[in-house]
Protein chains: 2
Amino acid sequence: MMASKGLTKEIIIAEAVACMERTGQPAISLHELARRLGIKTPSLYNHIRNTRELRHEVFRYAIDKFVAHQRAATAHKERDEAVRAFAQAYHTFATQNKGLYRLIMSIPSEEDAQAKELAIPLLDTVVEILSGYGLTEEAIAHWQRVFRAILHGFISQEDLGYFYYYDSIELNKSREIAVQCFLDGLHAGLRESSSM
Amino acid sequence: MMASKGLTKEIIIAEAVACMERTGQPAISLHELARRLGIKTPSLYNHIRNTRELRHEVFRYAIDKFVAHQRAATAHKERDEAVRAFAQAYHTFATQNKGLYRLIMSIPSEEDAQAKELAIPLLDTVVEILSGYGLTEEAIAHWQRVFRAILHGFISQEDLGYFYYYDSIELNKSREIAVQCFLDGLHAGLRESSSM
DNA sequence: ATATAAAACTAATAGTGTTAGTTTATCAAC
DNA sequence: GTTGATAAACTAACACTATTAGTTTTATAT
């Protein structure tokens with residue numbers, strides 16, 4: 001019983017995802033992966049091209065999961081309420097799926113045009129919410145960047161430990177303030193543009 | 001002429017820094033480093049304990065450089081003017097010292113308490129600026145987090161390629177809007193707390 | 001001059017990813 | 001049911017990482 005243990009690409013990807021979710025790391029070695037699947041390392045190459053492709057597949061999975069999570073959290077919500085719900089969902093996903101989130105935030109980087117393609121739905125979720133504010137196309141592009149910058153910046157620094165400077169001060173409150181800051185800034189921006 | 005080519009820890013660190021600045025990567029292999037210094041890989045261990053220590057030393061250098069850059073940019077400035085200058089300096093450093101910035105943003109992460117210690121001056125620069133707004137200690141802690149979240153989040157996503165969604169829309173303008181958003185949010189927060 | 005210590009070396013190990021070439025099991029056609 | 005093709009496992013090897021042990025060389029201080 002050497003050949004065929006019923007292993008498929010999907011099973012490999014699922015196992016890789018499970019490992020990342022468990023360890024919180026955005027990667028797994030082929031050795032470890034093969035060990036968990038009960039095969040020898042090179043056998044993985046019968047199913048995947050290389051680590052890049054594997055990472056890519058897990059990336060696709062992570063994006064899908066993240067997007068679904070965001071859509072579920074903001075469905076039937078609009079404007080400020082949607083923004084707050086989105087921020088909450090974003091943070092929840094990032095902390096509860098650390099490995100996947102880190103992967104999402106470590107892939108594109110210049111080269112990988114294919115990954116950027118896959119990530120578009122992720123950007124669309126924010127754009128849809130901001131569409132409810134009656135902004136111009138250009139304004140949406142700007143504010144979508146600002147919003148995502150705040151959300152990711154917050155998670156990232158929290159994760160890095162750069163927020164434990166005043167470690168007695170509650171992180172959740174900081175996050176609320178950040179979201180409120182975005183809304184205040186957005187509203188201020190709206191007032192300004194409508195008065196011109 | 002085997003022993004002693006006048007190599008020191010400082011020279012090694014300087015070369016590592018130079019490599020990172022050149023490649024934009026937050027790391028360099030010992031092989032490459034040794035090659036550039038004209039020695040064999042294991043000889044590096046006469047001067048450094050391991051890659052962790054080397055990274056640590058480069059990290060220290062990066063923090064110092066970043067802090068100096070920030071202080072120079074915001075000296076004799078206050079409040080909004082200082083905030084804007086800081087944001088500008090932050091972005092300039094991150095883009096012109098990509099390798100060092102990436103290193104700064106990849107080290108601490110839970111474990112490394114020593115690195116967190118080294119990074120404190122980095123946080124102080126923001127705290128000092130926010131001190132000019134007459135906020136409470138707690139409010140400073142919150143807003144310092146928000147500001148740094150925006151700044152890093154912006155750089156990070158820009159670097160990752162997550163901002164090229166609407167690639168015709170100017171990044172610089174988005175950044176201005178982000179900083180203005182922070183100031184509007186901060187001012188809104190100030191009004192609210194003073195009216196209580 | 002010689003002993004010591006610093007700083008280079010060679011050789012080897014273990015952990016990454018990856019390729020080439022080989023064997024085995026399964027499944028379809030004759 | 002044997003045959004033959006294919007899929008999927010294997011072993012063996014290589015290149016690249018960091019690292020350690022043990023050796024040699026050179027500079028320097030007594």
Side-chain angles (χ1 to χ4, degrees), chain A residues 1-20 22-61 99 102-103 106-107 109 111-112 114-115, chain B residues 1-20 22-61 99 102-103 106-107 109 111-112 114-115:
Chain A
M1 41 78 177
M2 279 265 167
S4 205
K5 304 190 177 179
L7 191 59
T8 65
K9 196 172 188 174
E10 287 67 40
I11 294 175
I12 293 177
I13 295 166
E15 185 61 44
V17 168
C19 282
M20 291 187 196
R22 189 164 26 74
T23 65
Q25 296 299 122
I28 181 186
S29 81
L30 295 187
H31 181 72
E32 173 72 4
L33 186 56
R35 196 186 61 73
R36 292 190 162 270
L37 294 167
I39 59 171
K40 296 301 168 68
T41 311
S43 303
L44 288 169
Y45 285 83
N46 289 317
H47 304 275
I48 58 164
R49 196 192 312 265
N50 48 36
T51 48
R52 191 168 187 273
E53 193 210 23
L54 177 60
R55 221 180 318 123
H56 217 272
E57 295 293 344
V58 177
F59 180 75
R60 165 183 277 126
Y61 172 87
R102 281 180 168 179
L103 182 68
S106 67
I107 283 235
S109 183
E111 331 101 38
D112 208 332
Q114 208 179 341
Chain B
M1 41 76 175
M2 279 265 168
S4 203
K5 304 191 176 178
L7 191 58
T8 64
K9 196 172 187 175
E10 287 66 41
I11 294 176
I12 293 177
I13 295 165
E15 184 61 43
V17 168
C19 281
M20 292 187 196
R22 189 163 25 74
T23 65
Q25 296 299 121
I28 179 184
S29 81
L30 295 187
H31 181 74
E32 174 71 5
L33 186 55
R35 197 187 59 75
R36 292 191 163 270
L37 294 167
I39 59 172
K40 296 300 167 70
T41 311
S43 303
L44 288 168
Y45 285 83
N46 289 318
H47 304 274
I48 59 163
R49 194 191 314 264
N50 48 36
T51 48
R52 193 167 185 275
E53 193 210 25
L54 178 61
R55 222 181 317 123
H56 217 273
E57 295 293 344
V58 177
F59 181 74
R60 165 183 277 124
Y61 172 87
R102 282 180 169 179
L103 181 68
S106 67
I107 282 234
S109 181
E111 332 102 36
D112 208 331
Q114 208 180 341

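To find a chain, count down the sequence lines: A is the first, B the second, and so on, and within it residues start at 1. Note that the structure is predicted; figures quoted are calculated from it, not measured.
- Checked against side chain to side chain donor-acceptor pair (under 3.5 Å), B:Glu15 has no partners two or more places apart in sequence or in another chain.
- If you check residues 40-49 of chain A against DNA chain C, the residues with a heavy atom closer than 4.0 Å are A:Thr41, A:Pro42, A:Tyr45, listed by number.
- Among residues two or more places apart in sequence or in another chain, the side-chain contact (heavy atoms from CB on, under 4.5 Å) test is passed with B:His56 by B:Asp112, B:Gln114, B:Ala115, B:Leu118.
- Between B:Leu30 and B:Leu44, the shortest heavy-atom contact is O-CD1, 3.5 Å.
- Screening residues 36-50 of chain A for side chain to side chain donor-acceptor pair (under 3.5 Å) gives A:Glu32-A:Arg36 as the qualifying pairs, with residues at least two apart or on separate chains.
- Remark: C1' of C:dT16 and CD1 of A:Ile28 are 13 Å apart, rounded to the nearest angstrom.
- At the phosphate of D:dT17, OP1 or OP2 sits under 4.0 Å from a side-chain N or O atom of B:Ser29.
- Going from atom CD1 of B:Ile39 over to atom P of D:dA18 covers 13 Å, rounded to whole Å.
- Regarding A:Leu30, its CG atom lies at a distance of 14 Å from the P atom of D:dC10, rounded to whole Å.
- A straight line from CD1 of A:Ile12 to C1' of D:dA7 spans 13 Å, rounded to a whole angstrom.
- Using a 4.0 Å heavy-atom distance criterion, A:Leu33 is classed as making no nucleic acid contact.
- Atom CD in B:Glu53 sits roughly 15 Å away from atom P in D:dA18 (whole-Å rounding).
- Not a single salt bridge (charged side-chain N to carboxylate O under 4.0 Å, His left out) links A:Arg22 to another residue, sequence neighbours left out.
- One can place CD of A:Glu32 at 18 Å from P of C:dA14, the figure rounded to the nearest angstrom.
- The interatomic distance linking B:Arg52 (CZ) with D:dT20 (P) rounds to 14 Å, in whole Å.
- For the pair A:Glu10 CD and D:dA8 C1', the computed distance is 15 Å after rounding to whole Å.
- When all heavy atoms of B:Ile28 and B:Ala16 are compared, the closest pair comes out as CG2-CB, 4.3 Å.
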